[in-house]
Student: 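I'd like to ask some things about the structure below.
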Amino acid sequence: MAFEYPVETASEKAKEVYVRLVQTDDHNPPDLVIGADTVIVYDGEILEKPVDKVDNVRMLADLCGRSFHVITGVALVHPILSAPGYQIRTVCEQTKVHFADVPAPLLQAYVESGEGLDRAGGFAIQGRGALLIRGIEGDYNNVVGFPLYSVFDLLHNLVENEELDLEGMDM
């Protein structure tokens, strides 16, 4: 379930954009649409974005001094080269994060900055939230929200298998 949820969400996001673009551009399909979704998994519970500052403080307090996983699902939607329609290819990446044991006043100050309100788990490792992290095991970019190497590898495989043609793409 923990892996399926962000992959399914990323797929739905990318598919919705792909279909909308096809419908609005004289049925001319886009070359590629990428969707991503990141969640935190802690004690079997999926944490998404906090709903408000109170929820943000609660999330961070729960994570303090503990380890958890950041899971990002990425979906690539592209036209089928030999027929009408589209294909969806997905990848999922997991990174273990070790959260520092942060005193409540510092957590509150971080929450007041507003940085974590639009982030899975309520923190942004690429900003001030880096001060809350003791260490990670795995892909840093995954914790940011986009596992770059995994996506590049998936794209490479699609090109190698002639499922995707990069030469005609507008990049």
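If you read the sequence from its start, that first residue is 1, and numbering goes on from there. Just so it is clear, the model here is predicted, and its values are computed rather than measured.
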Student: Counting only heavy atoms from other residues, nucleotides and ligands, does the tally under 6.0 Å from CZ of R128 exceed 12?
Tutor: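 It does not: R128 CZ has 12 such atoms or fewer within range.
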
Student: Out of curiosity, does V70 fall in the hydrophobic cluster containing L47 (side-chain heavy atoms, cut-off under 4.5 Å, transitive links)?
Tutor: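 L47 clusters together with V70.
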
Student: Should we count CD of E8 as having more than 12 external heavy atoms under 6.0 Å?
Tutor: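 No.
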
Student: Atom CG in L76, atom CG in L164: separation rounded to 0.5 Å?
Tutor: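 Rounded to the nearest 0.5 Å, the CG-CG separation comes out at 7.5 Å.
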
Student: Under 4.5 Å between side-chain heavy atoms, counting indirect links through other Ile/Leu/Val/Met/Phe/Trp/Tyr residues: same cluster for L117 and I133 or not?
Tutor: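 Different clusters: L117 never reaches I133 through Ile, Leu, Val, Met, Phe, Trp or Tyr contacts under 4.5 Å.
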
Student: Tell me whether V144 is reachable from L63 by hopping between hydrophobic residues (I, L, V, M, F, W, Y) whose side-chain heavy atoms are closer than 4.5 Å.
Tutor: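 Per the 4.5 Å side-chain linkage, L63 and V144 are co-clustered.
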
Student: Looking only at non-hydrogen atoms, find the nearest pair between G35 and A14 and report the distance.
Tutor: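 Minimum heavy-atom separation between G35 and A14: N-CB, 3.6 Å.
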
Student: Is a side-chain donor or acceptor of D153 paired with a backbone partner of Y149 at a separation under 3.5 angstrom?
Tutor: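 No.
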
Student: Measure the spacing between CD1 of I125 and CZ of F99 and express it to the nearest 0.5 Å.
Tutor: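 Between atom CD1 of I125 and atom CZ of F99 there are 9.5 Å.
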
Student: Distance from I40 atom CD1 to D62 atom CG, nearest 0.5 Å?
Tutor: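 Answer rounded to 0.5 Å: 12.5 Å.
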
Student: Are L131 and V102 joined in one hydrophobic group, where the rule is that I, L, V, M, F, W and Y side chains link up if heavy atoms are under 4.5 Å apart?
Tutor: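 The answer is no; the residues belong to distinct hydrophobic clusters.
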
Student: Is there a donor-acceptor pair under 3.5 Å between the side chain of N141 and the backbone N or O of L148?
Tutor: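 No.
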
Student: Any chance you could lay out the side chain to side chain contact (heavy atoms under 4.5 Å, CB included) test for L107 and C64, step after step, and finish with the verdict?
Tutor: CA-CA 9 Å; L107 286 182; C64 272; 3.5 Å; yes

Student: So do L32 and I34 actually touch side chain to side chain, heavy atoms under 4.5 Å?
Tutor: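 Yes, side chains in contact.
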
Student: Do side-chain atoms of T90 reach the backbone of A75 as a donor and acceptor pair under 3.5 angstrom?
Tutor: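 Pair absent, no side-chain N/O of T90 close to backbone of A75.
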
Student: Specify the closest pair of heavy atoms between K15 and V77, including all atoms of both residues, with the distance to one decimal.
Tutor: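 Reported closest heavy-atom pair: N-CG2, 3.9 Å.
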
Student: Parallel, tilted or perpendicular: which fits the ring planes of F123 and F68, with parallel below 30° and perpendicular above 60°?
Tutor: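 Taking F68 first and then F123, their aromatic rings stand perpendicular (interplane angle over 60°).
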
Student: Would you say the side chains of T72 and N142 form a donor-acceptor pair under 3.5 Å?
Tutor: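 Present: a donor and an acceptor within the cut-off.
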
Student: When hydrophobic residues are tied together by side-chain contacts of less than 4.5 Å, even through go-betweens, does V22 share a cluster with V17?
Tutor: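 Both belong to a single hydrophobic cluster.
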
Student: Can you find a heavy atom in the side chain of R58 that is under 4.5 Å from one in the side chain of P50?
Tutor: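 Side chain of R58 against side chain of P50, heavy atoms only: no contact under 4.5 Å found.
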
Student: Just by distance, do the side chain of D52 and the backbone of V54 share a donor-acceptor pair under 3.5 Å?
Tutor: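 Yes: the side chain of D52 pairs with the backbone of V54.
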
Student: Could you report the tightest heavy-atom contact between G73 and P6, atom names first, then the distance?
Tutor: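 So the minimum-distance heavy-atom pair works out to N-CB, 3.7 Å.
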
Student: Would you say that F3 contacts V41 through its side chain, given a criterion of any heavy-atom pair below 4.5 Å between the two side chains?
Tutor: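 A side-chain contact is absent here, since even the closest heavy-atom pair is not under 4.5 Å.
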
Student: Kindly compute the distance separating CG (D101) from CG (L106), expressed to the nearest 0.5 Å.
Tutor: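 The CG atom of D101 sits 11.0 Å away from the CG atom of L106.
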
Student: Of all heavy-atom pairs between Y140 and Q126, which one has the smallest distance, and what is that distance?
Tutor: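 Scanning both residues, the minimum pair turns out to be OH-CA, 3.3 Å.
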
Student: Grab the two heavy atoms, one from C92 and one from I71, that are nearest each other, plus how far apart they are.
Tutor: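 In terms of heavy atoms, the two residues are closest at SG-CG2, 3.4 Å.
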
Student: In Å, rounded to the nearest 0.5 Å, how long is the span from NE2 of H78 to OH of Y18?
Tutor: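 The OH atom of Y18 is 9.0 Å from NE2 of H78, to the nearest 0.5 Å.
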
Student: Taking salt bridge (Lys or Arg N to Asp or Glu O under 4.0 Å) as the test, write out the residues that go with D118, two or more places apart.
Tutor: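 Partners of D118 by the salt bridge (Lys or Arg N to Asp or Glu O under 4.0 Å) criterion, ordered by chain and then number, come out as K49.
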
Student: Which pairs with one or both residues in residues 102-116 pass side-chain hydrogen bond (donor to acceptor under 3.5 Å, both in side chains), sequence neighbours excluded?
Tutor: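 Only K53-E112, Q108-E112, Y110-E115 qualify under side-chain hydrogen bond (donor to acceptor under 3.5 Å, both in side chains).
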
Student: Can you tell me which residue among L155, N157, L154, V7 is in a side-chain contact (heavy atoms from CB on, under 4.5 Å) with V91?
Tutor: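 For V91, the side-chain contact (heavy atoms from CB on, under 4.5 Å) check succeeds only for L154.
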
Student: How about E93 and S150: does a side-chain donor come under 3.5 Å of a side-chain acceptor?
Tutor: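 Judged by distance alone, the side chains do pair up.
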
Student: For the CD atom of E137 and the CD atom of Q94, what is their distance to the nearest 0.5 Å?
Tutor: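 With rounding to 0.5 Å, CD (E137) is 10.5 Å from CD (Q94).
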
Student: Looking only at heavy atoms, what is the nearest atom pair of A36 and G145, with distance?
Tutor: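 Where A36 meets G145 most closely, the heavy atoms are CB-O, 4.2 Å.
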
